[in-house]
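What follows is a short report on a single structure.
A note on names: the letters A, B, ... follow the listed sequences, proteins ahead of strands, and every chain is numbered from 1.
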Amino acid sequence: MLRTLRIFKRILVETGLGLKASGWSNWLVTSILCVALTIFGGVLQLTMTLKGLVEAWGNQLEISAYLRDGYDPKAVAAEICQFPEVKQVEIVTKEVAWRDMQHTFKVAAINNPLPNTLHIKLSSPDQVETLAPKLRLLNQVENTKYPLKVAKKITDIRHFLELAGIFITGALTAATLTVIGNTIHLVIKAKHREIEILSLMGVGHFYIKCPFVFQGAAYGFMAALMATGILLGVHLYVDPYVKEQLLSLAPFMPQNLQYGLLQTSMMMAALGVLVGAGGSLWTSGRYIKI
Amino acid sequence: MIRLQNVNKNYGGRPALLNVNLHIALGEFAFLVGPSGAGKSTLMRLLYREETPTSGNVFLGGVNLNRLHKGQIPLLRRRMGIIFQDFKLLPSQTVFNNVAYVLRALGVDEREVQKRVEPALAVVGLEHKYNALPSELSGGEQQRVGIARAIVNGPPVLLADEPTGNLDPATSLEIVQLLERISQRGTTVLISTHDQPIVNAMRRRVISLKGGEVVTDMDNGLYELEMQ
Ligand SMILES: Nc1ncnc2c1ncn2[C@@H]1O[C@H](COP(=O)(O)OP(=O)(O)O)[C@@H](O)[C@H]1O
Ligand SMILES: [Mg+2]
């Protein structure tokens, strides 16, 4: 047990020596990996946020049906209630809507231009696409509006972002692996004497390779830390602006859209350590032979 | 202790060792001689499992090295000491740390490191040079550090591949005599060399290789260049 601890301590010391020997390469590796992780984490947060947005809308999904003038909204509401998809119908008469609007904005004294409106809640959000066309077939209904169009657009954007994110992260990961490979190879060259002696004197290959794997893992960890800092900055300075944009896009904003930064940094750290340690393990396996 | 049975080793079809049969008993002291390219280093590398034979078996302490899998090689090497022509010391480490280096890597605690390194350095006569760097030592002293490192674990076998190849004749004799003293404590010692005067001065067992074959094997032997 104590012996294992002593070995672990020596491995850490060797890892430190390796990092020291790598000099500016440390920064090259860490920054490239940091860019990869930032894009990975950013896309992750963005897509998760968009997904959350769409889901939040889905829960409160309602179809607004604008009625032609001359029909009694109560009668139409009663008729629409017959549809199996409908859970609840709420009537907003043109008078009520007009009064609300005059209340909120300064409106010129003109004739009420607003239609009678029905807000139709559905038993399930995925029935929107089947119910909306049925409603439009009714004579009394002039037009329908529902947020799913926006939701669909956002989902499309999300899928595109996911694809682009996977592609860019993949490309940058490959670049990182190359740079890590070169860096670790240089350290192995610099320590070839030590490696040879340890190997010939019967020190196991786990001990010999471990410092390199740790060095790679340290890069991953550092890069994830930096990427977290960048994302935190983005949240502080860019978020308010983005929220404004989203608000103009959508009628309301659900609360707590942020996909947790903590979860994201943990994912970034996991990916970073995996790439760093994996790349180093592969390189040391390639250049350290028994 | 060391046994080779019908050992062949080819490099790209060219034989470096040809049907070698050999037995070296526990505690024995033997020279492996022959001109450059005779296969001495190849035989040594088979013994510390840096190479495997193309055919035949190599036994060390009754263990067939062919049957050893990769994970067991370190265990084998911890039971032997290897001494090199180029010393293989760490230039930035002191004498003491060079000898202690592998012990520490194996997780031996510092008190025990002290307890093992001090007598090893005393055996080779470097008890006053703990803090010297290799660059501050003569060639003979550097090889003594290499020997101290090889014996620090108290291994039953010492393998020395041309340990005097980089040393002057007087120093070479001292080093070989030091190895002989170590063997008198029960360690099996195999020294490869093509240094005729030294071999002839010692009058010990001489195994002579030529073109990968054992041509003579004599106790109290001489290294006779004419025979090669
Ligand atoms: N790694 C190798 N690859 C190819 N040929 C080798 C290798 N090692 C040794 N040889 C050949 O094997 C023969 C024996 O070499 P070696 O064992 O080094 O001889 P010695 O140590 O007696 O000088 C030589 O012909 C040498 O060229
Ligand atoms: Mg040789």
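When all heavy atoms of A:R6 and B:V108 are compared, the pair lying nearest together is NE-C, 3.7 Å. Nearest heavy atoms, B:A105 versus A:V203: CB-CG2, 4.1 Å. Annotation for B:I82 and A:M201: closest pair O-CE, 3.8 Å, computed over non-hydrogen atoms. Annotation for B:P74 and A:G204: closest pair CG-CA, 3.8 Å, computed over non-hydrogen atoms.
Only the side chain of A:R10 comes within less than 4.5 Å of a heavy atom of chain B; its backbone N, CA, C and O stay farther away.
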List the atom pairs, with distances to 0.1 Å, where a side-chain N or O of residues 27-39 of chain B and a protein N or O form a donor-acceptor pair under 3.5 Å, not counting sequence neighbours.
from, atom 1, to, atom 2, distance (Å)
B:E28, OE1, B:A25, N, 2.7
B:E28, OE1, B:R205, NH1, 3.3
B:E28, OE2, B:R205, NH1, 2.9

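Applying the 6.0 Å contact sphere to OH of B:Y130 captures more than 12 heavy atoms from other residues, nucleotides or ligands. In B:Y11, the OH atom is crowded: over 12 heavy atoms of neighbouring residues, nucleotides or ligands sit closer than 6.0 Å. By the 6.0 Å contact criterion, CZ on B:F84 is enclosed, its count of non-hydrogen atoms from other residues, nucleotides or ligands being greater than 12.
Within the structure, salt bridge (charged side-chain N to carboxylate O under 4.0 Å, His left out) contacts touching residues 190-213 of chain A (residues at least two apart or in different chains) are A:E14-A:K191, A:E196-B:K88.
When the candidates B:L76, B:L75, B:L106, B:L89 are compared by the number of heavy-atom contacts under 4.5 Å with chain A, B:L106 comes out ahead. Contact count against chain B (heavy-atom pairs under 4.5 Å) is highest for A:I197 among A:I208, A:T4, A:I197.
In this structure a side-chain-to-backbone donor-acceptor pair under 3.5 Å is missing from B:R77 to A:G202.
Atom CG of B:D109 and atom CG of A:L5 lie 12.5 Å apart (nearest 0.5 Å).
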